[in-house]
Amino acid sequence: MKLGSKHTTLLVLAVIIIVAPFFFPSSYYFRVGSLIFINGLAVTGIVILTGYAGQVSLGHAGFAGIGAYACALAPVYLGVHPGLALIIGALLSGAIAFLVGRPILRLKGYYLGVASLGFGILVAMLLTNEAQITGGPDGIRVADLGIRGLLREMGFRVKGSELWYVLTGICLLIGAWLALNLHDSPTGRALRALHGSEVAARTVGVDVARLKLQAFVISAVFASVSGSLLALQNRFITPEVAGFLHSVEMVTMAVLGGVGSVLGAIFGAAILTTLPQVLTVFAEYEYAVLGLVMMLVMIFLRDGLLPSLAKLIKGREQ
Amino acid sequence: MPELMQFLLSGLTVGAVYALVALGFTIIYNASDVVNFAQGEFVMLGGMITVFAYGAGAPLPLAAAVAILTTVFVGVALNKLAIEPARGAPVVSLIIITIGASILIRGVTQIVFDKQIHRFPAFTGDAPIPFFGATLLPQSLWVVGGALTVFVGLYLFFTKTLTGKAVLATANNRLAAQLVGINTGWVMTLSFGLSAAIGALAGVLVTPITLTSYDVGIGLALKGFAAAMLGGMGNPKGALVGGLLLGVIEAMTAGYLSSQYKDAAAFVVILAVLFAMPQGLFGAKSTERV
Amino acid sequence: MSLLQVDGLGIEFGGLKAVDNVGFKVEPGEIVSVIGPNGAGKTTLFNMISGIYLPKAGRVTLAGQDVTGMEPHLLARLGLSRTFQNLQIFQHMSVLENVVAGFHLEESGNVLSDLFALPGSRKRARTVRAKAEVLLARVGLERAAGAEAGSLSYGALKRLEIARALALSPKILLLDEPAAGCNAVETEEIDELIAEVAKSGVAILLVEHDMKLVMRISNHIVVLDHGEKIAEGDPETVSRNPDVIAAYLGTAAAQESEHA
Amino acid sequence: MKVLASTALAALMAAGPAGPALADIKIGSTLAMTGPASFLGDPEAKTLEMLVEEVNAAGGINGEMIELIQYDDGADPNKARTFAVRLIEDDEVVAIIGGSTTGTTLALMPEVDAAGIPFISLAGSISIIDPVEPYTFKTPHTDRMACQKVFEDMQKRGISKIGMISGTGGFGASMRKQCLEVASDYGIDVIADESYGPKDADMTPQLTNIKATDGIEAVLNPGFGQGPAIVTRNYSQLGIDLPLYQSHGVASQGFIDLAGNEAAEGVRLPGTALLVADILPADDPQTEIVRAYKTAFEQKYEMPVSTFGGYAHDAFRILVAAIEKAGSSDPEAIRDAIEETSGLVGTTGTYTFSADDHLGLDLSAFKMLEINNGGWTLVD
């Protein structure tokens, strides 16, 4: 079994998503599960941008913010269905990423980091300051997606958290499928090539600027959809979704789990989403322990949790 | 006219705060190519430890000295216990380590001290000094003076001393540095210690103005990072100019345009500068070597 | 009309002339070598021709088209391909995938088709994979196809780069020290490979320190020193040129020979 | 594999809710014990902990012990929402106190509403109880009331043109909006309107603009955290000689310490009885309860009591009274009993809830305070 091969990854994911609920003692676990899937989706986008193409963004929460607020505002101002608002948000994020990406992606390393950071902060600031439209820092209510009502009419009664577990789980599987498709496709190969050596990629004909932009746009759409799902599930959203800390959280999840592989990054999302829930037993020591865990993982498992563990196991077997 | 002067003084004061944080970034970056996101926590520690040492009865200079020494210890420990064992890891992993360290330091601080906001008295009183129709606080002079002193010190250190050159050499090519007899391990320890000391000194200087609490580090690190990038990472001149410029832009925007969007203006300027000069204002232009 | 024509090419770094007023021609199927002592500006010249550096003066013409300062990925479309002095391998890809990446222009299509793994994308990837296997066999790396590129020996990586460069089906191939760091057997293999490629009609521009190799396979040699062209001609002529000898043995030696 | 699975299952089950402890009443809280609003959440959490101990030591409610389950949401609305689900679904609490900030409160409201669990918020915004949601109550005054109290005082002093400088955080932004809405009711014109970010270190540019605006008679600063302290210091640095009003968001001794006695001299703000416990007239209905809470808190935690801890105190008292009255720990019965609360004296004021008033306080509960010589004095 090769880590990261497309069908294995999808199978593992699907099995976990389907089997896990049999062990859930209460519907709170469904809620945590769906948060993992939502974060996992955003992080899968990061895998495309950072893991494949080697570009670091510290502003992707900005796109999550656009997606989230599209779901809050489009139904109110455009009168569209919240589900359609998700798509509007994704298109808008893609378009903005296309416009912003071209100049930003000329920058390298930390300079790209600070430029994307600036973009994210501008989005968060707009959402905070334009209170007449966005509801300001205290947040805004989001319309009901209406699926539960629809199911009830059809005679199925499901709990909100369970429904969202299924919805977000499906979205994650689709996202993972897309990212894995991309990995072995010509585009994915070109992205990984420019990650390995930008100059060599250029000499074999890779239009580096265009490909980076494609990766940026795709990952922006992933982040946007993840933001939309969060807004629709919570039926309430605040500008924190676009904040700097959320951007850093996305990158941390991906890197901690292993940014090179979709499964690794999603694993990272799962760890960092559940950790604060588990760490509540440490009460005020929670943050100290969280920081310590992050450091220890990166010191001793530098390629990320999953790839390092896989290597370790492989080493044992041989 | 007095308004303009007031905006300028405000901008320079705040800018000097950013510059001090940005200067702290340059040393570790120069030695290891790592942007240490725990730099803001050094500033926080400098302020918080001084607050509590002072509160426990120590005279202010002693409290400040205790704070700076403790922070240096933390910085060196960070290098020895986390950065050194992770040598060879990808830069992005090293960044996550420093982010983890910053969370850890914050977490420990809130347990050891508390979660309240604190300050200690300004060094030389609070009587405003009139200046061309505007006023400024004596502590602002301390902050601006501190930033300039640290800048000159670092500039001399990197250009005039053998040790400073060793730091730069280590950044350039670790292996080559080792071959010419530079103890690169010691260079790293020195860099973290020095960086922590500058951070803590910044904390001591700015706390009477900005106040402090266990969680001020993130905000400061963010602005300091932005300032350092604006100026060009790794260059003390860039850190100083970037910091002051950022502060002045914010103050001018708040004064003349909109106080709501002053942070936005700062980042718009950063983006504009980077598009024109991808290495920041004073960053070294690198030619691709293939 | 030559395939590649370089006229008066020059560039400065910080006021220092790295290459100054260099010109020469390359015909299809011809092997042209650029030689000169370390720091003579050979790689810089390559970087300008292949679009990585923007020349300050002069002109590069490819098959009659002015391509001065054109981006490398556009040059690739026009049939210019190259390898690197310091290896530029895609480390985390398999050996085979490195070569497949060389087929980028042939296999790349619509990004959406790639995302959804539409049949078109998959078919293109399959075709190219087969071609890449053939190329790998041609450079003798078929056995290593599945290995991670980073795990290969230096000599093997040099050949891998050549295979990747050939994937473009170039009209002209720039090879920057293909035999550096290779042992005698490996050098000979590369020697054969170059001759074979040239025979198929591809023009070759070569930078190489191994003089035996250069003298053996070149049709034409251009000699650089301190960024300037000091001599040009067939191997025989160039090897007897006193300026070339002086450049290689140092000015002191040249002066000595003058006095003698 | 089978063994592994069943072990995992057992472990998961063990980690789940403990067996039903029928004798206990489980109360949940999610507060910003850390993060940007920790100066709210920290005293709130400590207060709840202290009061639960007190009540249990005195024999509990109707003989049943209270179990308090506290989570730290760090003022993150998404976390607060998750903890609300955890409290309701996993811990199976009968009521929730919490939401230190308006953002966290609004985020978890859909959850308590769907589950039918009574919830008492400790956050300021009027949007929490207007419109009234059946299961949500709150104890702090609304920001709108704070504006009204301040404007009332300005009116008395004959002030009609003011400048405002507000924090852009949730508290400041929400109060700014409310103040702008009610200003005209008091004949007050806001002729300068500036703001500052929550982490800003210097507000002299904004204050310089306010100072330069012709005709300004007073300045109001809605905001909390370190911002108002810096505003107050800059205000005195610039030598602005107009009355400065702060909000109830900084009603604590800490504010005076941060701003400095000199700069804070003469600053007015709407506060609660808690701040002036020592100078409260003995016959004031709040005197007893306020002094008791203050003494207990300061003894236990060795830190000065704050208005915010007082909000938690009141919420807990209201909840306990409701459970006692309902005589059951059925969430529905508790909710109904809370809504029937009448004349309950707390540190913030005297609460009387009704079906269309889930705050139950009026303006009289606010006291206009002025800082003199580093201490609080009553204006009226």
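Quantities reported herein were computed from a predicted structural model and do not represent experimental measurements. Lettering of chains follows the sequences in order, A, B, ..., and the numbering in each one begins at 1.
Atom NZ of K199(D) sits in a crowded spot, with more than 12 heavy atoms from other residues, nucleotides or ligands closer than 6.0 Å. The environment of OH in Y301(D) is crowded: more than 12 heavy-atom neighbours from other residues, nucleotides or ligands sit within 6.0 Å.
The shortest heavy-atom contact between Y165(A) and I16(A) is OH-O, 4.1 Å.
With a 4.5 Å cut-off on non-hydrogen atoms, F30(A) does not touch chain D at all. A75(D) touches chain A through its backbone: at least one of N, CA, C or O sits under 4.5 Å from a heavy atom, while the side chain does not. Using a 4.5 Å cut-off between heavy atoms, T82(D) touches chain A through backbone and side chain atoms alike. Residue contact with chain D, scored on non-hydrogen atoms closer than 4.5 Å, is absent for L245(A). Proximity to chain A is limited to the side chain of T34(D), based on heavy atoms less than 4.5 angstrom apart. Proximity to chain D is absent for every atom of I237(A), based on heavy atoms less than 4.5 angstrom apart.
Checked against the 6.0 Å centroid threshold, H141(D) and Y311(D) do not count as a close aromatic pair. Aromatic rings from Y28(A) and F83(D) are positioned such that their centres are separated by 6.0 Å or more.
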CA sep, side-chain torsions, deciding dist, call: R31(A), E89(D), salt bridge (charged side-chain N to carboxylate O under 4.0 Å, His left out): CA-CA 10 Å; R31(A) 157 94 188 165; E89(D) 301 286 349; over 6 Å; no
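In terms of heavy-atom pairs under 4.5 Å with chain A, the best-connected choice from G74(D), A84(D), P77(D), S127(D) is P77(D). Ranking P110(D), A107(D), A173(D) against chain A, the residue ahead of the rest is A107(D), based on heavy-atom pairs under 4.5 Å. Counting heavy-atom pairs closer than 4.5 Å to chain A, the top residue among K177(D), E111(D), K79(D) is K79(D).
Of all residues spanning residues 94-106 of chain D, those with a heavy atom less than 4.5 Å away from chain A's heavy atoms are T102(D), G103(D), L106(D), arranged by number. Interface residues of residues 123-142 of chain A toward chain D, defined by a heavy-atom distance below 4.5 Å and sorted by number: T128(A), N129(A), P137(A), D138(A), R141(A).
Side chain to side chain, N221(D) and Y196(D) meet the donor-acceptor criterion of an N or O pair below 3.5 Å. With hydrogens and angles left out, the side-chain atoms of D91(D) and Y71(D) include a donor and acceptor closer than 3.5 Å. The closest side-chain donor-acceptor pair between Q233(A) and T168(A), if any, does not fall under 3.5 angstrom. Between Q70(D) and S29(D), the side chains place a donor N or O and an acceptor N or O closer than 3.5 Å (distance only, hydrogens not considered).
To the nearest 0.5 Å, the span separating CD1 on I117(D) from CG on L108(D) amounts to 12.0 Å.
Exactly one residue among N39(A), I38(A), V241(A) makes a side-chain contact (heavy atoms from CB on, under 4.5 Å) with S226(A). That residue is I38(A).
A donor-acceptor pair is defined here as one N or O able to donate and one able to accept, closer than 3.5 Å; no such pair exists between the side chain of H60(A) and the backbone of I46(A).
Residues K300(D) and T47(D) are not in side-chain contact: their nearest non-hydrogen atoms beyond the backbone lie 4.5 Å or more apart.
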